[in-house]
Engineer: 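Below you'll find the structure I mean.
Owing to the predicted nature of the structure, the values given are computational and were not obtained by experimental measurement. Order of the sequence lines sets the chain letters (A, B, ...), proteins ahead of strands, with each chain counted from 1.
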Amino acid sequence: MKPAERYDAQAIERTWQARWEADRLYHAADGDPRPKWYFLTMYPYPSGDLHIGHWYAMAPSDAAARYRRMQGYNVMFPIGFDAFGLPAENAAIQHDIHPSTWTMENIERMRRQLRSMGAMWDWEREIVTCDPGYYRWNQWFFLKMYERGLAYRALAPVDWCPRDNTTLAREQVVGENRVCERCGTPVIKRNLEQWFLKITTYAEELLDFSGLDWPERVRVAQKNWIGRSEGVEFSLPVRDHPGKSFAVFTTRPDTAYGMTFAVLAPEHPLVDHLTTPGRRAEVEVYKFKAARASDIERLSTEKERDGVPIGAYAVNPVNGEAVPIFIADYVLLTYGTGAIQGVPAHDQRDFEFARKYSLPIRVVIAPPGWQGGELEEAYLDEGTMVNSGPFDGLPSAEGWQRIAEEMETRGTGRRKVNYRLHDWLISRQRYWGTPIPIIYCQTCGTVPVPDEDLPVTLPMDAQFMPTGESPLKSHEGFRKTRCPQCGGEEAERETDTMDTFIDSSWYQYRYLSPHDAARPFDPKAGLHWLPVDQYTGGIEHAVMHLLYTRFWTKVMRDLGLVDFDEPMVRLVNQGIILGEDSEKMSKSRGNVVNPDDFVTALGTDTVRTYLMFIGPWEGGGPWNSRGIEGAHRFLQRVWALVVEPQPEGDGGVAASEIRELRHRIHATIKRVTDDLEQFRFNTAISALMELTTALGRARSTPVGRTDAWREGVRALLLMLAPIAPHIAEDLWARWGEAYSIHQQRWPAYDPALARAEMITLVLQVDGKVRDRVQVPADITEEDARRLALENAKVRRFVDGKQVADVIVVPGRLVNVVVK
RNA sequence: GCCCAGGUGGCGAAACCGGCAAACGCGCGACACUUAAAAUGUCGUCCUGCGGAACGCAGGUUGUGGGUUCAACUCCCACCCUGGGCACCA
């Protein structure tokens, strides 16, 4: 007997990765006759190094894709890089390196690290979004939307650092007093002309998830984000200002008689017109304060409500009463009409506001048993209408409809569905992004860049240091241009760039034909591959990215580019991998796990196996450096099973022993198959561990020299292949099977063998376990009952008492109920 | 404040439809192999009490308190705690 070879993960992994790549093993051809399966995992941002979080997202995705492939599908599993964005620009400013250089160097490093994972990515389809060949299609889509009126320009506030003279992203505003992260200057709001995409056009359709196999939590988050509500929008004339009025939206028109004040958002355009001279100073101070606060601050319930009267009065259209107009920061310009009716008796916020400023609180919906006393808090439920003129005595639900009708008849209001969702603001005052393909001409106005002039390329020699403007604005060569319509010289390009969520809204289509110069994707390839069958990625993208890509696909459908409504049929979101201290990994906490260290020490297959074994994928959880040893030991035990010389020996094997082993094998195949279907990698691996132990025990007995045992090893390797692809491939070759294990069919189980012949029947008395007996699986109810009643241990607890009932659960237990 | 997810041994977890709570792994302990150690293998390992003890026997245990049921980690009600998200949404 020669000594067995040791498991040398590094050598095996290097060898097989090179071979797979040379053989283009994972290239997914468009014309393949097998059924297609488009498996997409969210592409990474090239931040520098492949983080353990990337591994946690991608290794199990790869295993699931490999499993699908073994099920007989032609699987496409592409990869690329989300290469535009703020971090590159920050790195550039800090380290005086060009964002492009920084990004491309990171991509190069991450490609190497990604390859070390041994995933079945089809690198021939790689995309990099900062490549003009990619982002020209961002521009093309933008222009299509512009043509159809889905892209428009409007004033919108941004967070602004008055010292650096620059727009700040939310993450660049820090601390409770909201200062610029670079210079510490308090941030203010500034209105800029910016581009929007009309996602609200699709609000109703985006609420429809039928036909989508998406997690409940994502559907709920998107529903809440869209925030549909039904109500009435009506107009309030302003007293002493003929012709002036403003609209309010309410979901409670039934409370209209209870309005005792009105509130405008501090940013409301009418505020300046209506404020009386005596109120102006106080109003200005309040407006400034509101502009300093973040929405989250303004919306905090901890904070006391405050506001300022502007000196003007609005007339309640239902009863002609004049009520004071306030501004208050709890009213947001971006929701509804940016103005509300103040009904303190029936809205808690208005109630607190009215208390603070001693405004009347008029009950118009009587709570049950109400005697006309003062309320302690707003009454929000339905009730009987009072103090409401002709509507007194009506149930409020009916009053809702009657008042709405009356407003519509008189032309002062109309029923309306309102959404919380705003249009998508896509302008960024940044350098490192897709230029917006628009030209402003002194003569022709806003002119789209003609198709043949695309792409509008991002100049590499721009000054991207913070100077106070969009970096492209100071690049004369870029900014100054000729009008494509009139040829005039007095034309300038748009200098803002696009939100990077645009890149990721349609990248799944670009993978189909990443080098196509004539169109965003090849429709023939699209017919074969689309839509995406399975999408995986982090739960943090539950709303924005996943809503934008749904919107984008609906627009593409309306442009005739695709013939389906939803981009991804199935979605699974993994949880977050935490540091060993169960805290979020961060450099400042010092709990960041570097996957490269473990890959070097134990091998990729061990890291992959451990990440999948650690717990349910959708839950996330803490990393444990000790626990990974267990995964490594498991792979070593599989290794030993195949590689170590088999002990010689003789001896008869009973048919029942063979049946027992084969039962184990087939039951395991069933379990692992079911688990992988549902992304339950942890329990799949524990089933494989149990099978490995069983095969290891049988190995040194006569059963270890039977076909049944060899069938078990073969099945074990096949089932291990998606999880630990290198060791499975290597052992497959050593076992004498033909290359490659990754082109084999997933093992099938025989249902008859997967079923157990004997089961453990649990015998209970009053729900307490008193004995367990081995019985044939097909024992009759009658036999089970008799067995229980005759059982000595059961009788000890039954004797002397009366049996009230005997419950038999076939195949599981018998419960004898006494008394 | 609201919404979502979750709370099970020393730790990560399992229990799929209401039917054996703790599979699998980590850690720990004992033993085997070894001159020794590492590695590997075997056995043990939720808590309490009673056994000299292998084997046992009895009771208890899934954040807390109730409820439904022959039977509850699982369903219902109330509460506490943790994590994530957010919108005072008129």
Side-chain angles (χ1 to χ4, degrees), chain A residues 6 215-221 223-229 231 233 248-252 255 263 295-296 298-303 305 328-332 334-343 346-350 352-353 418-421 539-540 542-543 575-576 578 582-584 610 613-616 618-631 633-634 636-637 640 671 674-675 678 680 682-690 693 696-697 760-769 771-772 793 796 804-819:
Chain A
R6 275 184 63 89
E216 173 76 14
R217 54 177 170 165
V218 173
R219 300 203 311 259
V220 167
K223 242 180 94 180
N224 291 344
W225 186 267
I226 294 167
R228 182 185 200 276
S229 58
E233 188 176 304
V248 298
F249 174 75
T250 180
T251 52
R252 294 296 302 274
T255 66
V263 185
D295 275 7
I296 294 201
R298 282 172 65 157
L299 309 184
S300 164
T301 37
E302 304 296 299
K303 193 183 129 251
R305 280 182 215 310
D329 66 1
Y330 76 93
V331 175
L332 303 177
T334 50
Y335 184 79
T337 60
I340 61 158
Q341 57 168 4
V343 182
H346 305 293
D347 182 288
Q348 188 57 28
R349 294 152 301 175
D350 297 347
E352 288 165 28
F353 192 83
N418 190 56
Y419 299 94
R420 195 196 73 98
L421 180 72
I539 186 67
E540 66 273 19
V543 175
I576 298 166
L578 304 171
S582 294
E583 300 279 345
K584 229 177 196 164
Y610 178 61
F613 182 64
I614 203 165
E618 281 158 79
W623 173 267
N624 180 327
S625 314
R626 298 300 291 270
I628 194 172
E629 299 282 346
R633 267 175 230 158
F634 161 57
Q636 260 167 338
R637 287 196 296 134
R671 272 176 71 187
D674 291 349
D675 283 347
Q678 294 167 73
R680 292 190 309 222
N682 56 332
T683 45
I685 292 171
S686 77
L688 293 179
M689 286 172 168
E690 287 177 88
T693 303
R697 295 223 166 109
T760 304
L761 188 70
V762 172
L763 306 182
Q764 297 183 336
V765 177
D766 276 342
K768 291 204 163 97
V769 178
D771 203 4
R772 299 181 174 94
K793 289 184 181 167
R796 255 174 43 205
D805 199 1
V806 179
I807 287 147
V808 181
V809 182
R812 287 196 186 271
L813 59 73
V814 181
N815 188 14
V816 181
V817 186
V818 295
K819 226 221 294 246

Engineer: Check every strand shown and say whether A/Arg217 touches a base, only sugar-phosphate, or nothing at a heavy-atom separation below 4.0 Å.
Structural biologist: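 The residue A/Arg217 makes sugar-phosphate contact but no base contact.
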Engineer: When the nearest nucleotide of RNA chain B is assigned to A/Ala221 and to A/Asp675 on a heavy-atom basis, which residue is associated with the more 5' position?
Structural biologist: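 It is A/Asp675, whose closest nucleotide lies nearer the 5' terminus.
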Engineer: Would you mind classifying the nucleic acid contact of A/Asn224 as base, sugar-phosphate or nothing, using non-hydrogen atoms under 4.0 angstrom?
Structural biologist: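 The residue A/Asn224 makes base contact.
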Engineer: Can B/C17 be described as syn, meaning its chi torsion is within 90° of 0, or is it anti?
Structural biologist: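 B/C17: syn glycosidic orientation.
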Engineer: Would you mind reading off the distance between A/Phe634 atom CZ and B/G25 atom P, rounded to a whole angstrom?
Structural biologist: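 The answer, rounded to whole Å, is 9 Å.
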Engineer: What contact category does A/Arg680 fall into here, base, sugar-phosphate, or nothing, at under 4.0 angstrom with non-hydrogen atoms?
Structural biologist: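 Nothing: the residue A/Arg680, judged by heavy atoms under 4.0 Å, touches no strand.
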Engineer: Do A/Ser229 and A/Arg420 have side-chain N/O donor and acceptor atoms under 3.5 Å apart?
Structural biologist: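 Not at all, the side chains of A/Ser229 and A/Arg420 share no donor-acceptor pair under 3.5 Å.
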Engineer: Distances under 3.5 Å between protein N/O atoms and the N/O atoms of nucleotides 68-74 of chain B, please, pair by pair.
Structural biologist:
| from | atom 1 | to | atom 2 | distance (Å) |
| --- | --- | --- | --- | --- |
| B/C70 | O2' | A/Asn815 | ND2 | 3.4 |
| B/C70 | O2 | A/Asn815 | ND2 | 2.7 |

Engineer: Touch check for A/Arg671, heavy atoms < 4.0 angstrom, all strands: base, sugar-phosphate only, or nothing?
Structural biologist: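 Nothing, no nucleic acid heavy atom in range.
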Engineer: With nearest nucleotide decided by heavy atoms, which residue, A/Pro616 or A/Glu216, maps closer to the 5′ end of RNA chain B?
Structural biologist: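 Closest to the 5' end, via its nearest nucleotide, is A/Glu216.
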Engineer: Only pairs with both distances under 3.5 Å count, Watson-Crick or wobble alike; so what is the partner of B/G56 in this structure?
Structural biologist: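 Checking every strand shown, B/G56 finds its partner in B/C50, with both distances under 3.5 Å.
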Engineer: Look up atom CG in A/Asp771 and atom CG in A/Leu763, then write down how far apart they are to the nearest 0.5 Å.
Structural biologist: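 Rounded to the nearest 0.5 Å, the CG-CG separation comes out at 5.5 Å.
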Engineer: Give one of base, sugar-phosphate or nothing for A/Lys793, where a contact means two heavy atoms less than 4.0 Å apart.
Structural biologist: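 The answer is sugar-phosphate, as A/Lys793 gets under 4.0 Å only of primed atoms, P, OP1 or OP2.
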Engineer: Does any nucleotide pair with B/C86 by Watson-Crick or G-U wobble geometry, both distances under 3.5 Å, and what is it?
Structural biologist: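 Result: B/G1.
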Engineer: Please work out if A/Asp350 contacts a base, only the sugar-phosphate, or nothing of the nucleic acid, heavy-atom cut-off 4.0 Å.
Structural biologist: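 No contact.
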Engineer: Rounded to whole Å, how long is the line connecting atom CD1 of A/Ile226 with atom P of B/C86?
Structural biologist: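 The distance from CD1 of A/Ile226 to P of B/C86 comes to 16 Å, rounded to the nearest Å.
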Engineer: Quick one: label A/Arg796 by what it contacts on the DNA or RNA (base, sugar-phosphate, nothing), any heavy atom closer than 4.0 Å.
Structural biologist: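 The answer is sugar-phosphate, as A/Arg796 gets under 4.0 Å only of primed atoms, P, OP1 or OP2.
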Engineer: May I ask you to say what A/Arg812 touches in the nucleic acid, namely base, sugar-phosphate or nothing, with a heavy-atom cut-off under 4.0 Å?
Structural biologist: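 Sugar-phosphate, backbone atoms only, no base.
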Engineer: Would you classify B/G9 as syn or anti? Syn applies when the glycosidic angle is within 90° of 0.
Structural biologist: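 Syn for B/G9; the angle stays within 90° of 0.
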Engineer: Nearest whole Å is fine: how far is B/A13 P from A/Ile628 CD1?
Structural biologist: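 Taking atom P of B/A13 as the reference, CD1 of A/Ile628 is at 16 Å.
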Engineer: Does any donor-acceptor pair link the side chain of A/Arg772 with the base of B/C20 at a separation under 3.5 Å?
Structural biologist: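 Present.
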Engineer: Tell me if the centroids of the rings in A/Tyr330 and A/Phe353 come within less than 6.0 Å of each other.
Structural biologist: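 Yes; A/Phe353 has its ring centre under 6.0 Å from that of A/Tyr330.
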